[in-house]
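Structure record follows, encoded as structure tokens.
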There are 4 protein chains.
Amino acid sequence: MKNAVILGASGYTGAEAVRLITGHPKLRLTALTGHSRAGERYADIYPSTAHLDLPDVVTAGDVDWADVDVVFACLPHGASQDTIATIADKVDTVIDLSADFRLRDPDLYAKTYGRSHDHQGLLGTAVYGLTEFARHELRGAKLVACPGCYPTCSLLALLPGINAGLISTDNIIIDAKSGVTGAGRKALQSLAFSELSDGAHAYGVGTHRHAPEIDQILTRSSGKETMVSFTPHLIPMNRGMIATCYVTLTDGQSVDDLRAAYHAAYDDEPFVHIEAAGAAPQTRHIRASNHCRIGIFADRVPGRAIIISVIDNLTKGSSGQAVQNYNATQGWDETLGLHVQPIFP
Amino acid sequence: MKNAVILGASGYTGAEAVRLITGHPKLRLTALTGHSRAGERYADIYPSTAHLDLPDVVTAGDVDWADVDVVFACLPHGASQDTIATIADKVDTVIDLSADFRLRDPDLYAKTYGRSHDHQGLLGTAVYGLTEFARHELRGAKLVACPGCYPTCSLLALLPGINAGLISTDNIIIDAKSGVTGAGRKALQSLAFSELSDGAHAYGVGTHRHAPEIDQILTRSSGKETMVSFTPHLIPMNRGMIATCYVTLTDGQSVDDLRAAYHAAYDDEPFVHIEAAGAAPQTRHIRASNHCRIGIFADRVPGRAIIISVIDNLTKGSSGQAVQNYNATQGWDETLGLHVQPIFP
Amino acid sequence: MKNAVILGASGYTGAEAVRLITGHPKLRLTALTGHSRAGERYADIYPSTAHLDLPDVVTAGDVDWADVDVVFACLPHGASQDTIATIADKVDTVIDLSADFRLRDPDLYAKTYGRSHDHQGLLGTAVYGLTEFARHELRGAKLVACPGCYPTCSLLALLPGINAGLISTDNIIIDAKSGVTGAGRKALQSLAFSELSDGAHAYGVGTHRHAPEIDQILTRSSGKETMVSFTPHLIPMNRGMIATCYVTLTDGQSVDDLRAAYHAAYDDEPFVHIEAAGAAPQTRHIRASNHCRIGIFADRVPGRAIIISVIDNLTKGSSGQAVQNYNATQGWDETLGLHVQPIFP
Amino acid sequence: MKNAVILGASGYTGAEAVRLITGHPKLRLTALTGHSRAGERYADIYPSTAHLDLPDVVTAGDVDWADVDVVFACLPHGASQDTIATIADKVDTVIDLSADFRLRDPDLYAKTYGRSHDHQGLLGTAVYGLTEFARHELRGAKLVACPGCYPTCSLLALLPGINAGLISTDNIIIDAKSGVTGAGRKALQSLAFSELSDGAHAYGVGTHRHAPEIDQILTRSSGKETMVSFTPHLIPMNRGMIATCYVTLTDGQSVDDLRAAYHAAYDDEPFVHIEAAGAAPQTRHIRASNHCRIGIFADRVPGRAIIISVIDNLTKGSSGQAVQNYNATQGWDETLGLHVQPIFP
């Protein structure tokens, strides 16, 4: 058994980490932190956990790091890099769910997130943990930067085609839709039920922070400077995310070739599944699980294809992938703690 | 006062037509038809109308056409053309909400809708009623084909840019999201609350019937053969539709030029509104009204723009536009009967 | 035309008042106030009104009261009494939507709302505006206290039976369910979409402030000291409220007698409707309208009955009834401005 | 390992049984039946199971009963008794989720369910499986009748008070609210998303079939003939059920006494939890889990109390309790296969 600490356990990704880690056969939760909630019982913050035997919430400063093996950092960006810098040498592994160690270029980070990166040495050691494409690097890694939810969903849809040279890096358009939990647990009027139910809208159009992250990976994978169009939408559901990716096939390639490449990439994966031809994936079919489902379609416009992927933003898009990544760092079966079935209906 | 009949009043577009026409100062509802519900009180079909004094439901065959001025045909495609053919010369005006008179090319109709068009003479007389772009033709028209909900939403977003030559007809991508009422009132497991809540999915990917309709209008407006990518999604809300349109600016054009063109096109329109720069339209802000709101954005990819429009699929996307079209045929103020405010919250 | 001012226009009841008053043939909106939003365009607070020509938001102190005929006060309790005290003699009529003038007994008010009533002279002049039972008093009234949403829904269900002596005042149990808009427009984590979707719960069990208000009216109507059980629940819908009332029939009375009494009470009412025997009212059938629907049932327990009523909490439960009350004070047709049809689907 | 068969696996309770049994350490699914879906892959019926290795769907007639240990019968009432009669002597244990073996009195069954009970011998052997109150009988039982969802929720709220003599059997009123999955997976217009979203209503008022089942258990437990008022409501959520129970305390008893009795009854239970004083249970806090949470309140009316319980209708209200019951028949730890955490958010 390894001892795990969750930093920032009062947010939704923290709560999802609690759900998964309490069911993990090789992890034991030894501390939960939450700056503004320190001193409270976790069940007062999340009554859904009242039947569990969990430690009370403390501040990060009050954690005894002596026996901690792994930290799951569910902190806001900015706060995350600073906190991780203080603990990185006290624990074996840090799994960071924030944005702080995703972008390799500190200047791009500063531009995107509005503050400097002050721990560039650490940044250089971080592994970008899109698990299916990072296993070699993950093995033994000390610091894992878990991808953002949109990048996870989009890159799982795009990378096999990019890696096989079947998709042009020009003119990739990603239209994404997310459930509301993606916005976190906040006291904002704009997140109120009455504001968000029975309606939909785009946000961050042309400016969302996850776009450079997607660019970075596509550029690295393809070897060509890549810039995607990326537009997220907020839709009235709790969990789930869908990325509809419009791509141009490279010369002479067909959707059958594309489909074959995705099967080759994912058929042995425990969490990524290709839909039968003609079937579109639905977020509700992976709800509350670590699974991703991908549908591949010929566009009606010749030479183009549409690739659609769905994940649960809190699970594969966040805490589930975090657990999967930690499993990968330890060389364990990646599915440990992740045998939670989709909730349907 | 003109006497109006609604054919197919038992479906959702029929119900929305009832809502609007009962508040129209120059229309009087004289008959409601519904094949399978004939003989019933309308309030038994829609209890929300119980306080209104409405005629009982009859079959189309039982309508006395003597004093009917206008028919709003809310029938399924196929049934609509056949029924309209039998009554077109008995009434002054037919406003058809089905797909049967939208496509000018009977072969394309047959290919798209899986049956022949058997009334091509009538088809030749039909006006495609995207009101804002069809006023001259609508004045005095006898048969109006109301656009589909997706084409309405998409074309309002695209046409000013196309007409002004600011948008390339190549590589137009429309990612659309619709509330569930767009699927109609049907006893289908796939439309059940428990199947559709808290989830989202694409459907008709690469094959949706509204794509050729969009092509037709863009081709006619631009003078260039145009084929769009079009992908609709079903999201868990009742009413509302959003079309996120990804376009390429023509050489030397900017998003400012685009914005100016949309203001020029719509600033005098009662129902189409341009959002302030940076603001994304939300379907809930036009819920249950005939309004359309459009946001215009620079894409992060140079030379590209994103145009987003929202409508209520049952109002501007269907019965509201139908009433607006009838107003236009009569030379009336187009807003008659359409002063229903958006319902928010 | 009368000049109307809405105090507290930035909340949901204020927004609903704007919706209704802008469609009222005898009212003109001359000012909208909102303490924290003063100086803003109303469309920035409610984009759904962007197509309307509305005054900008000001503070109550900046309103010129010279030509104001009526004030609709949509303020929080406490603030309402103080503000109304300063303007009551400057305008003809004040329609108060807060709780401040509902309870006749200042001590009960103080106990219930946690502050003293400092304007007891005004309190003595206020008419409790449950319109259907207050018409004589409303005519010419200068200050109207609009009932709370739960009291409106509950009392419409109970009063005809109480007034006819068919229902015992002992052992009345009201189980109520409300949509989320009833909680107002607030930046609270507890009102967030992700906290409230796909779930339900009771709140204020045994302690809700609307219970004494219901007691007061039942006591006054029956002449017997009455105390009800009242339990509200929050359910994941935007608008709508349902009160399920469990009552004991007085000796020898039947549900048929009860039904007859309700028909006698309401058959001439424009906004209150009795369901056919066996039919249960649904909130969605009166959504966004001023209507109330009531179902009357024999309980399976002999001698008991169940009366269920539904309203839209923001319309008949708040701003709609407020407009109806103002119409009544002026001796106008009570339906002016209230011909908004239910939105279904 | 025991071999399990699910009869009627195509419905929602069947799907929930699949979810739980596939995670049960001592059960192996050997057959799934579904009359109208025989021959299909289960993943075609529930794509959410596509990653699991499940048997294809067959008819009940095609099951080889040789090695089957336990049958979970998720069939409609009526069909269930007939099918179970044919297999009861072929398998060790039958866990019936239908209503067919719940009512002890065949005449009451016939009156309630509209058909005769044709297997009264079997009926005499059935154990009513409200687990927490049936452990002695469950051990070794061959046929278990799992309680209905409403009876489960209501009886867990009422029985400790009844058993301790703290609650009068007169005048018990149960106001229940259920999510839509309780209606099953059916192609009905009345269950469509657009019909059920953003609204609520009562149904089966005074006539619901679960009322006699509640009566039966309360009568048996109290030794006094008991008849409850019971009114279910349908609210727009997927999973979850809440029973708000209004009761009269027996002479001299207090809510503190009541609370003590519930703690005594449930503090050692793995799945039933008492809320802290003043806290109301929320369905979302037990979503998708086998847990029940109960809140106990003094009513504002002296001498009365309000007991509120919440369960997930598909889990504790159906398939979860079924698994718990099977565990109990085998003398296993009752929590086997039921360590699924609540899904929140």
Side-chain angles (χ1 to χ4, degrees), chain B residues 11-13 15-16 18-23 41 43-44 46-52 179-185 197-198 236-239 269-276 279-293 310 312-315 335 339-345, chain C residues 11-13 15-16 18-23 41 43-44 46-52 179-185 197-198 236-239 269-276 279-293 310 312-315 335 339-345:
Chain B
Y12 288 152
T13 57
E16 184 75 345
V18 169
R19 175 172 81 100
L20 297 171
I21 292 173
T22 52
R41 292 191 321 132
D44 291 336
Y46 286 101
S48 53
T49 65
H51 59 287
L52 296 172
V180 181
T181 53
R185 195 180 213 195
S197 73
D198 205 41
M237 62 185 189
N238 229 357
R239 287 167 171 257
E269 287 295 337
F271 295 120
V272 187
H273 315 280
I274 309 302
E275 299 282 351
Q282 306 201 12
T283 63
R284 52 185 74 78
H285 294 151
I286 47 77
R287 184 162 49 203
S289 81
N290 200 50
H291 294 279
C292 171
R293 299 175 69 93
V310 299
D312 185 308
N313 54 299
L314 287 180
T315 321
T335 68
H339 290 280
V340 287
Q341 301 303 327
I343 304 299
F344 180 87
Chain C
Y12 288 152
T13 57
E16 184 75 345
V18 168
R19 176 172 80 100
L20 297 171
I21 291 173
T22 52
R41 292 191 321 132
D44 291 335
Y46 286 102
S48 53
T49 65
H51 59 287
L52 296 172
V180 182
T181 53
R185 194 179 215 197
S197 74
D198 205 40
M237 62 186 189
N238 229 356
R239 287 167 172 257
E269 287 295 337
F271 294 121
V272 188
H273 314 280
I274 310 301
E275 300 281 351
Q282 307 200 12
T283 63
R284 52 185 74 77
H285 294 150
I286 47 76
R287 185 162 49 203
S289 81
N290 201 49
H291 293 280
C292 171
R293 299 175 69 93
V310 299
D312 184 308
N313 53 299
L314 288 181
T315 322
T335 67
H339 290 280
V340 287
Q341 301 302 329
I343 303 300
F344 180 86

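Chain letters run A, B, ... following the sequence lines, proteins first, then strands; residues in each count from 1.
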Side chain / backbone / both / neither for His339(C) at chain B, heavy atoms under 4.5 Å
neither

Where does Asp198(B) contact chain C at under 4.5 Å (heavy atoms): side chain, backbone, both or neither?
neither

Report which part of Leu52(B) has an atom under 4.5 Å of a heavy atom belonging to chain C: side chain, backbone, both, or neither.
side chain

Quick one: pull up CD in Glu16(C) and CD in Gln341(B) and give me the separation to the nearest 0.5 Å.
11.0 Å

Atom CZ in Phe344(B), atom CG in Asn238(C): separation rounded to 0.5 Å?
8.0 Å

Output all residues satisfying side-chain contact (heavy atoms from CB on, under 4.5 Å) with Ser289(C), sequence neighbours left out; order by chain, then residue number.
Ile286(C), His291(C), Pro342(C)

Counterpart residues, side-chain contact (heavy atoms from CB on, under 4.5 Å), relative to Ala183(B) (two or more places apart)
Leu191(B)

Under 3.5 Å, side chain of Arg19(C) to main-chain N/O of Ile343(B), donor-acceptor pair present?
no

Could you check which of Gln282(C), Arg287(C), Arg239(C) has the highest count of heavy-atom pairs closer than 4.5 Å to chain B?
Arg239(C)

Looking at Glu275(C), Arg284(C), Arg185(C), Arg293(C), which one has more heavy-atom pairs under 4.5 Å with chain B than the rest?
Arg293(C)

Can you check whether Val180(B) reaches Pro345(C) side chain to side chain, under 4.5 Å on heavy atoms?
no

